[in-house]
Protein chains: 2
Amino acid sequence: MIESTLVSVDVLVLRFDPDARAVLLGVAPRALDPFAGALALPGVLLGRGERLREATRRAVTGKLGVPDAAVTATGQLATFDEPSRDPRGPTLSIALWATVAPTRPDDGTTTWTPLDAVPPLAFDHDRIITDCRPLLADKLWRDPQFTAGLLGGEFTTAQALDVTESLTGDRPYPANLGRTMDRVPGLERTAQHAAALPKGGRPPLVWRWTSPTTGSPRDDNARSDSSVVAAGAAVHRRRS
Amino acid sequence: MIESTLVSVDVLVLRFDPDARAVLLGVAPRALDPFAGALALPGVLLGRGERLREATRRAVTGKLGVPDAAVTATGQLATFDEPSRDPRGPTLSIALWATVAPTRPDDGTTTWTPLDAVPPLAFDHDRIITDCRPLLADKLWRDPQFTAGLLGGEFTTAQALDVTESLTGDRPYPANLGRTMDRVPGLERTAQHAAALPKGGRPPLVWRWTSPTTGSPRDDNARSDSSVVAAGAAVHRRRS
DNA sequence: CCAAAAGTGTTCAGTATACACCCATGA
DNA sequence: TCATGGGTGTATACTGAACACTTTTGG
C-alpha cells in the first residue's frame, strides 16, 4: 500500500487591534525541531477525519493561546504542494485564514505583527503570506464572515478605515467607504455616534450587522467555510 | 502515531467543442467499487510527494483517456473536507480544474456533457460542481492559463462568444466581447478572418496570444498552478 | 477659536451596456 | 437578394474616485 500524503494546516490569523489601529498577524515561535525557535504561522497536522475548521481552531488555540471563543471565523485560501517545503518530507499545506475578535492581546509568546512588516518565518511561510495577502484583501467587504470576524458585530467608520488601510494599503476617503459599506448586505448604519477619538475630531458613526454573521449557523455540508465567495462579477451580462 | 489523512484529487475537466459550440465537462464511469459503474469526476489518490499538477494530469489521462499532451492547463479550485463524503472513510478532496485542447473527442467511455446538464454523479461530485462553477466562470478572461487552455492559442470571436455563453450563461454582444478581449493582456487581434460559419454570416476575426501562455514555463515554486488570480479589484484606491 | 477627523453633496472620468447600422458570407 | 451573424461606432447609464464644504469633537 502506498504511503499516503501528510496534510498540514497553516493559518493566517488576523486580529484588529483598535489601539494600534491596524490589522495584525499572529505568529509564534516553533517549539519542536524543524526550525525550533523560529517564528512561524500556527499550523497542525490534519487528523484523520478531522475537518479543516476544527484543525484551524486547534492551531490557533494551541499555538497562539487564543481562547476558542475568540476565534470568530475561518475559511480557505489555497493549497501549497511543493514537496521540499518541509525538511521532514513532502507535506501538503492547506492555507486558511482565521479572524480573532478585536480585543487587546495578552498572551506571552505570541507575536502580533503588522501585515506590512512580517519578520522572516520558518518553512515557506513567507511565500504563503505573499501569495495569500491579495486574497485576504479581496475578502474585505465581500466575504461577510471575514469582515464581521475582523471588525466584530459593531464597529465605527474610523475602525473600518483602519482595517481597509491595513489590508489594501490605501486609506479610502471616509465618504466613499461609507457608500461601499452601504452596499454590503446585512450591514447597516445605526443612529449612534461613538465616543470621539483620542486626537479629537468628529465622532464616527456606528455600524451594525443585521443578519447573524457571527455565531456560525452556516452551510456546512462539504465545503470548509466560506472559501468560495463570488469574486468579481463575470464578464458581460446581457438582456438582464 | 496517528493515522494520516487521505487526500484525493478530483478534476473538473473542461473542453471546448467547436462543433457543439459549447464547453463540455468530462466524466467517466467508475471502475471500482464505491459507486462502481456510476459517472464521476476523474479523481486519484494523491501519492506521497506527488504534486497536485501531476496528480491532476494522472487523473485526466488515466480516467478519461485524454492524451497528456492535450491537457493544456491546470489549477486549483477548492478543498472539500466533509468526513462522510466517501463511504470508505474520511477523505479530503482537492478540487482542481484542467483544460483540454479544443478538438473533437474520440475516446469510448468518457462522457462529455454540457455544464448545464451534468447527470447525477457519484460521491459529492454534484456539490463540487455546483460550488466550483462560479469559480470557473470567474476565471474566463481573467486567468490567461485557463482561457488560453480552453480556447487554444488561436481562436475566433465566434468561439469566444460560445465559450463565454457556456460558462456564464449569457451570450455577450460581439462588439462588447471584442472590447473585453482587447483589455486581456497578451491577447491580440490578427488581420486574418476565419472561414465563415456553416450558417453563413460574416467571417469572424482571429485572435492570438502573444505571450507564451501555452507551454508552461511558469512560476512553480510552492503553489500549484494559477490558483491565485487577483479576482476583483480591492475596494477603493486613493491618491493615484 | 483652532486643529482634527468624520460626514454630505457634487463633479468628473472611466467603464459597461445596449443598439442602430454596416459588412461579408452561404444559400 | 435574403437570411445569418460578426464588426463598427455611438449614445446612455452606472460606477468609482476625488474633493470642496460642513459638522462635531478636544484643546
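In the text below, chain A, chain B and the rest are named by the order of the sequence lines, each starting its count at 1.
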*Judged by atom type as modelled, is there a donor-acceptor pair below 3.5 Å linking the side chain of B:S166 to the main-chain atoms of B:A22?*
no
*Among C:dG7, C:dA18, D:dG6, which is the nearest nucleotide to the side chain of B:N176?*
C:dA18
Using the 3.5 Å cut-off, write out each protein N or O paired with an N or O of nucleotides 22-27 of chain C and the distance between them.
from, atom 1, to, atom 2, distance (Å)
C:dA24, N3, B:R202, N, 3.4
C:dT25, O2, B:G201, N, 3.0

*Taking atom C1' of C:dC19 as reference, at what distance in whole Å does atom CG of B:L177 sit?*
16 Å
*Quick one: sort the A:W97 and A:F146 rings into parallel, tilted or perpendicular, breaks at 30° and 60°.*
perpendicular
_Length of the line joining A:R171:CZ and C:dG7:P, which is rounded to integer Å_ = 11 Å
*Nearest-angstrom distance from the residue atom CD of B:E165 to P of D:dG5*: 12 Å
*Check side chain to side chain donor-acceptor pair (under 3.5 Å) between A:D126 and all other residues, then give those that pass, not counting sequence neighbours.*
none
*asked:* With a 4.0 Å cutoff (strictly under), does any side-chain N or O of B:T157 reach OP1 or OP2 of D:dG7?
replied: yes
_Atom pair distance, as rounded to whole Å: CG in B:L205 and C1' in D:dG5_ = 13 Å
*Does a side-chain N or O from B:R189 land closer than 4.0 Å to OP1 or OP2 of D:dT8, or not?*
yes
_So B:T74 and B:L96, do their side chains get closer than 4.5 Å, heavy atoms only?_
no
*Could you state the atom-to-atom distance from CH2 of B:W207 to C1' of D:dG6 in whole Å?*
12 Å
*Length of the CZ-P vector between A:F155 and C:dA6, whole Å*: 14 Å
*Within the pair B:Y173 and C:dT17, is there a side-chain N or O less than 4.0 Å away from OP1 or OP2?*
no
*State, with a plain yes or no, whether a side-chain heavy atom of A:T147 is found less than 4.5 Å away from one of A:W209.*
yes
*With distance as the sole test, does A:D170 use its side chain to make a donor-acceptor pair with the main-chain N or O of A:P172 at under 3.5 Å?*
no
*Atom CE of A:M181 and atom P of C:dT8: how far apart are they, to the nearest Å?*
11 Å
*asked:* If you only use heavy atoms from C-beta on, which nucleotide in D:dG6, C:dG7, D:dG9 is closest to the side chain of B:A175?
replied: D:dG9
*Listed nucleotide nearest any side-chain atom of A:R179, set C:dT10, D:dG6, D:dG9*: C:dT10
*Of all the choices, C:dA6, C:dA18, D:dG6, which nucleotide is nearest to the side chain of A:A158 once you look at every atom?*
C:dA6
*Is the closest side-chain heavy-atom distance between A:L25 and A:L41 below 4.5 Å?*
yes
*Choose from C:dA6, D:dG6, D:dG7 the nucleotide whose nearest atom is closest to any side-chain atom of B:L161.*
D:dG6
*asked:* Whole angstroms only, please: what is the CH2-C1' distance between A:W141 and D:dG16?
replied: 17 Å
